[in-house]
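Here's the structure we're looking at; comments come further down.
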Amino acid sequence: MSQPSTVTDATDPRLADYTGLTDVELRRRREPAEGLFIAEGEKVIRRALAAGYGMRSMLLTPKWLEAMADVIAEVDAPVHVVEPALAEQVTGYHVHRGALASMGRKPLPAAAEVLAGARRVAVLEGLVDHTNLGAIFRSAAALGMDAVLLSPDCADPLYRRAVKTSMGAVFSVPYARLDPWPGSLSVLREAGFELLALTPAEGSVTLTEAAPHRLPKAALMLGAEGDGLTARALAAADRRVRIPMAHGIDSLNVGAAAAVAFYAVNTG
């Protein structure tokens with residue numbers, strides 16, 4: 001157990017993990033390079049610990065000391081206590097949840113490892129929006145997907161906004177990168193998965209017609225918001241499927257589309 005210590009200087013080196021969290025490009029480079037990510041909020045911090053991630057430190061405003069007392073007692077990590085104004089100065093945004101933790105990353109598993117024993121997986125191409133990525137992980141966890149596979153250019157699931165949006169689901173759904181892309185999709189086919197590309201384009205069949213819930217193993221491929229799957233990804237798929245639309249709407253937000261497809265592949 002570490003004794004919480006009050007910090008009053010925003011430039012204190014003990015707070016280095018939490019500086020400039022709104023600088024997206026800096027965090028994209030720094031967090032993976034330094035082997036850390038930021039968990040925000042009591043529930044997310046607890047879920048990260050439960051998933052086996054090691055804590056480097058916590059940054060708390062005074063009112064959160066009592067709520068996090070059991071965590072403070074259990075972890076061997078520094079606990080920095082700051083006033084809300086200082087937390088905002090350090091991080092660059094309003095820390096409305098009042099609790100942040102710097103967590104150590106785990107080595108990323110190989111795709112074959114996360115596919116072992118899996119029957120339902122999501123394959124994401126080019127998703128760079130952290131909010132959409134987090135929403136997809138939350139739906140994947142809630143709707144019974146076994147794993148998520150990411151193209152090399154997808155956003156980092158452990159970036160703060162993705163973790164926050166997923167409510168910690170990024171810790172409970174196994175994920176891996178597929179590199180090179182799309183050549184590494186072969187690992188799915190070798191594992192017995194049928195690749196279903198989600199696209200509203202002409203020539204696709206509805207999810208009802210495709211009946212993915214009847215497949216022994218199914219991989220649902222989703223592309224970035226707006227652009228969708230690339231031609232190379234579509235060419236690598238076994239079938240193209242779509243969600244039927246009404247009232248002249250041509251497509252859904254990728255997060256909403258993922259949730260619909262995840263439900264369909266698990267329940268029919």
Consider only side-chain heavy atoms of I, L, V, M, F, W and Y, link residues closer than 4.5 Å, and tell whether [X] and [Y] are in one cluster.
{"X": "Val82", "Y": "Leu21", "answer": "yes"}
{"X": "Leu178", "Y": "Met221", "answer": "yes"}
{"X": "Val148", "Y": "Val163", "answer": "yes"}
{"X": "Leu188", "Y": "Leu196", "answer": "no"}
{"X": "Met167", "Y": "Val170", "answer": "no"}

Interatomic distance, [X] atom [atom1] to [Y] atom [atom2] [nearest 0.5 angstrom]:
{"X": "Leu127", "Y": "Leu222", "atom1": "CG", "atom2": "CG", "result": "7.5 Å"}
{"X": "Thr131", "Y": "Glu225", "atom1": "OG1", "atom2": "CD", "result": "11.0 Å"}
{"X": "Leu100", "Y": "Met58", "atom1": "CG", "atom2": "CE", "result": "10.5 Å"}
{"X": "Arg120", "Y": "Phe262", "atom1": "CZ", "atom2": "CZ", "result": "12.5 Å"}
{"X": "Ile45", "Y": "Met103", "atom1": "CD1", "atom2": "CE", "result": "8.0 Å"}
{"X": "Leu150", "Y": "Asp179", "atom1": "CG", "atom2": "CG", "result": "11.5 Å"}

Task: Axial cation check for Tyr53 ring with Arg47, 6.0 Å and 45° limits - done: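 Checked: cation-pi criterion not met.
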Give a yes or no on whether the backbone of [Y] and the side-chain of [X] come within a donor-acceptor separation of less than 3.5 Å.
{"X": "Asn266", "Y": "Leu143", "result": "yes"}
{"X": "Arg214", "Y": "Val265", "result": "no"}
{"X": "Glu34", "Y": "Glu31", "result": "no"}
{"X": "Ser172", "Y": "Ala169", "result": "yes"}
{"X": "Asp238", "Y": "Leu195", "result": "yes"}
{"X": "Ser57", "Y": "Ala77", "result": "no"}
{"X": "Arg160", "Y": "Phe37", "result": "no"}
{"X": "Glu194", "Y": "Ala218", "result": "no"}

[X] and [Y]: side chain donor to acceptor below 3.5 Å:
{"X": "Tyr263", "Y": "Ser139", "answer": "no"}
{"X": "Trp181", "Y": "Glu125", "answer": "yes"}
{"X": "Ser166", "Y": "Arg161", "answer": "no"}

Minimum heavy-atom distance [X]-[Y], with the two atoms named:
{"X": "Arg177", "Y": "Ala111", "result": "O-CB, 4.4 Å"}
{"X": "Val205", "Y": "Ala210", "result": "CG2-CB, 4.1 Å"}
{"X": "Gly223", "Y": "Val254", "result": "O-CG2, 3.3 Å"}
{"X": "Ala197", "Y": "Leu229", "result": "CB-CD1, 3.5 Å"}
{"X": "Pro174", "Y": "Val114", "result": "CB-CG1, 3.9 Å"}
{"X": "Leu252", "Y": "Met245", "result": "CG-CE, 3.8 Å"}

Are the side chains of [Y] and [X] in contact, using a 4.5 Å heavy-atom criterion?
{"X": "Ile72", "Y": "Pro4", "answer": "yes"}
{"X": "Ser5", "Y": "Val81", "answer": "no"}
{"X": "Asp146", "Y": "Arg119", "answer": "yes"}
{"X": "Leu220", "Y": "Met145", "answer": "yes"}
{"X": "Met55", "Y": "Val71", "answer": "yes"}
{"X": "Gln89", "Y": "Leu86", "answer": "yes"}

TODO: In sequence, state the C-alpha distance, the side-chain angles, and the governing distance for Tyr159 and Leu133, and then conclude on side chain to side chain contact (heavy atoms under 4.5 Å, CB included).
DONE: CA-CA 10 Å; Tyr159 182 70; Leu133 188 65; over 6 Å; no
Open item on the list: For a side chain to side chain contact (heavy atoms under 4.5 Å, CB included) check, start with the C-alpha distance between Trp64 and Glu42, then their side-chain angles and the critical distance, and finish with the verdict.
Closed with: CA-CA 9 Å; Trp64 284 94; Glu42 178 186 2; 3.4 Å; yes
Open item on the list: Testing Arg239, Glu209, Arg240 one by one against Ser204 for a side chain to side chain contact (heavy atoms under 4.5 Å, CB included), which residue passes?
Closed with: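 The residue from Arg239, Glu209, Arg240 that satisfies side chain to side chain contact (heavy atoms under 4.5 Å, CB included) with Ser204 turns out to be Arg240.
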Task: Residue of the set Val121, Leu124, Leu158 for which side chain to side chain contact (heavy atoms under 4.5 Å, CB included) holds with Tyr175 - done: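 Only match with Tyr175 under side chain to side chain contact (heavy atoms under 4.5 Å, CB included): Leu158.
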TODO: List the steps, then state whether side chain to side chain contact (heavy atoms under 4.5 Å, CB included) holds for Thr19 with Thr91.
DONE: CA-CA 5 Å; Thr19 57; Thr91 62; over 6 Å; no
Open item on the list: For residues 100-111, which residue pairs pass the side-chain hydrogen bond (donor to acceptor under 3.5 Å, both in side chains) check, not counting sequence neighbours?
Closed with: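 Qualifying pairs: Asp17-Ser102, Arg56-Ser102, Arg105-Asp156.
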- [ ] Please test Arg14 against Asp12 for salt bridge (Lys or Arg N to Asp or Glu O under 4.0 Å), starting from the C-alpha separation and ending with a verdict.
- [x] CA-CA 5 Å; Arg14 292 174 293 176; Asp12 192 307; 2.8 Å; yes
Open item on the list: Please evaluate residues Arg232 and Leu185 with respect to the criterion side chain to side chain contact (heavy atoms under 4.5 Å, CB included), reporting the C-alpha separation (whole Å), side-chain torsions for both, the decisive distance (0.1 Å), and the verdict.
Closed with: CA-CA 11 Å; Arg232 291 195 306 157; Leu185 286 170; over 6 Å; no
Open item on the list: Would Phe171 and Phe137 count as a ring pair (Phe, Tyr, Trp, His ring centres under 6.0 Å) here? Give the steps.
Closed with: CA-CA 9 Å; Phe171 307 136; Phe137 266 88; 9.8 Å; no
